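This report concerns only the one structure given below.
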Amino acid sequence: MKRIMSISLGSPVRNHRVETEILGEQVIIERIGTGGSITAAMDLIRRWDGRADAFGLGGIDLYIRVGGKRYVFRDAQRIAGVAACTPVADGSGLKNTLERKVILDLNQKELPFQNKKVLMVSSVDRFGMAEALHACGAQLVLGDVMFGLGLEVPLHTPLQVARLGRWLLPVLTKVPFSWLYPTGAKQEKREPKYEKYYHWADIIAGDF
């Protein structure tokens, strides 16, 4: 039986375990949240390294790809680096391929994005989606600076994000990840922020 483990910096409240069959093989898929603790995430990977068949990183990206350049998060690299035998994935490949394709397919078949007002809270995390929405003619508000840094500076094109990213991301990927993104119990809190952009938008796109 295969075992796939998602080791997440998110809250343990959302922990879940399921046994299912994929392509004729029994698979255990389990999500374990560490409440924001990088040390606990590393300990879990050490404990299951070589016993689990694959690790998924949750609540943190190993890297983000913006404007054709890859930026690696130091904290994520620390976590993934603990695994000596079991492969570690963070979903970045799917974000840059499958998510991009989903937007293009929706635009052609079911949901034309031309002139639709779209809010993306974070586009660096899903740059393929942002580029696809822009290519489809959507009016974008990209909230990376607003929701990531707390400054009300809406961006409107992936090119703006890429240009700003060249200056900021080499530094921001080295700071503690919790400075940029809520982890653990912080994910359970709901604090109204920049509400007018949610009311403005026809579509809210990204990670829910």
Side-chain angles (χ1 to χ4, degrees), residues 6-9 38 54-81 83 87-109 111-183 194 197 201-208:
S6 171
I7 308 299
S8 175
L9 294 185
I38 289 176
F55 291 121
L57 291 186
I60 189 170
D61 294 313
L62 183 54
Y63 66 86
I64 50 178
R65 189 181 295 278
V66 176
K69 187 167 183 179
R70 193 168 79 162
Y71 302 89
V72 179
F73 284 99
R74 178 182 289 171
D75 279 349
Q77 200 170 31
R78 286 173 56 206
I79 298 170
V88 181
D90 70 342
S92 297
L94 290 176
K95 291 175 186 176
N96 197 40
T97 54
L98 182 60
E99 288 191 353
R100 184 191 300 268
K101 185 177 184 302
V102 166
I103 295 298
L104 297 176
D105 286 351
L106 282 173
N107 185 65
Q108 290 181 352
K109 298 173 184 177
L111 181 62
F113 290 104
Q114 182 73 35
N115 294 323
K116 286 287 194 304
K117 293 180 286 189
V118 180
L119 169 65
M120 288 191 71
V121 170
S122 173
S123 66
V124 294
D125 182 42
R126 297 181 132 72
F127 202 69
M129 180 183 286
E131 287 185 320
L133 286 165
H134 184 256
C136 292
Q139 299 177 46
L140 293 175
V141 167
L142 306 174
D144 299 83
V145 176
M146 296 192 295
F147 295 96
L149 302 179
L151 303 173
E152 191 169 353
V153 181
L155 304 176
H156 300 287
T157 69
L159 182 59
Q160 288 178 327
V161 175
R163 285 174 173 168
L164 194 60
R166 289 191 194 105
W167 291 95
L168 294 178
L169 288 172
V171 175
L172 294 178
T173 50
K174 303 299 184 291
V175 304
F177 192 74
S178 59
W179 291 9
L180 306 174
Y181 190 80
T183 58
Y194 306 121
Y197 295 101
D202 300 315
I203 298 168
I204 301 168
D207 180 4
F208 293 90

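Quick caveat: nothing in here was measured; it's all calculated off a predicted structure. Below, all heavy atoms of this structure are taken into account, side chains as well, without hydrogens, waters or symmetry copies.
With a 4.5 Å cut-off on side-chain heavy atoms, Phe177 and Arg78 do not count as touching. Between Ser92 and Tyr63, the closest side-chain pair of non-hydrogen atoms falls below 4.5 Å. Using a 4.5 Å heavy-atom cutoff, the side chains of Ile79 and Ile7 are not in contact. You'll find the side chain of Leu111 reaches within 4.5 Å of the side chain of Ile203, heavy atoms only. Here the side chains of Asp90 and Ile60 are not in contact, with every heavy-atom distance at 4.5 Å or above.
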Below 3.5 Å, can you tabulate the donor-acceptor pairs from side chains in residues 128-143 to any protein atom, sequence neighbours excluded?
{"from": "Glu131", "atom 1": "OE1", "to": "Arg100", "atom 2": "NH1", "distance (Å)": "3.0"}
{"from": "Glu131", "atom 1": "OE1", "to": "Arg100", "atom 2": "NH2", "distance (Å)": "2.9"}
{"from": "Gln139", "atom 1": "NE2", "to": "Asn115", "atom 2": "O", "distance (Å)": "3.1"}

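Summarising the geometry of Phe113 relative to Ile103, their closest heavy-atom pair is CE1-O, 3.6 Å, with the distance given to 0.1 Å. The two residues Ser8 and Gly59 make their nearest non-hydrogen contact at OG-N, 3.9 Å. Minimum heavy-atom separation, Asn107 to Pro112: OD1-CA, 3.5 Å. Residues Lys95 and Glu99 approach most closely at O-CB, 3.4 Å, considering heavy atoms. For the residue pair Glu152 and Tyr197, the shortest heavy atom distance occurs at OE2-OH, 3.1 Å. Shortest non-hydrogen contact noted between Leu57 and Ala76 is CD1-O, 4.3 Å.
With hydrogens and angles ignored, the 3.5 Å screen pairs a side-chain donor or acceptor of Asp144 with a backbone N or O of Ser123. Between the Tyr194 side chain and the Gly150 main chain, a donor and an acceptor come within less than 3.5 Å of each other.
Between the NZ atom in Lys69 and the CD1 atom in Ile64 there is a gap of 12.0 Å [rounded to 0.5 Å]. To the nearest 0.5 Å, atom CG of residue Leu169 and atom CZ of residue Phe73 are 7.0 Å apart.
Contacts of Lys116 classified as salt bridge (Lys or Arg N to Asp or Glu O under 4.0 Å), with partners at least two apart in sequence or in another chain: none.
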Q) Does the pair Val124 and Asp61 meet the rule for a side-chain contact (heavy atoms from CB on, under 4.5 Å), with working shown? A) CA-CA 10 Å; Val124 294; Asp61 294 313; over 6 Å; no

Q: Show your working on side-chain contact (heavy atoms from CB on, under 4.5 Å) between Tyr71 and Val66 and close with a plain yes or no.
A: CA-CA 8 Å; Tyr71 302 89; Val66 176; 4.2 Å; yes

Q: Would you sort out whether Val72 and Thr173 count as a side-chain contact (heavy atoms from CB on, under 4.5 Å), showing the intermediate values?
A: CA-CA 6 Å; Val72 179; Thr173 50; over 6 Å; no

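Heavy-atom contacts from other residues, nucleotides or ligands closer than 6.0 Å to NZ of Lys101 number 12 or fewer.
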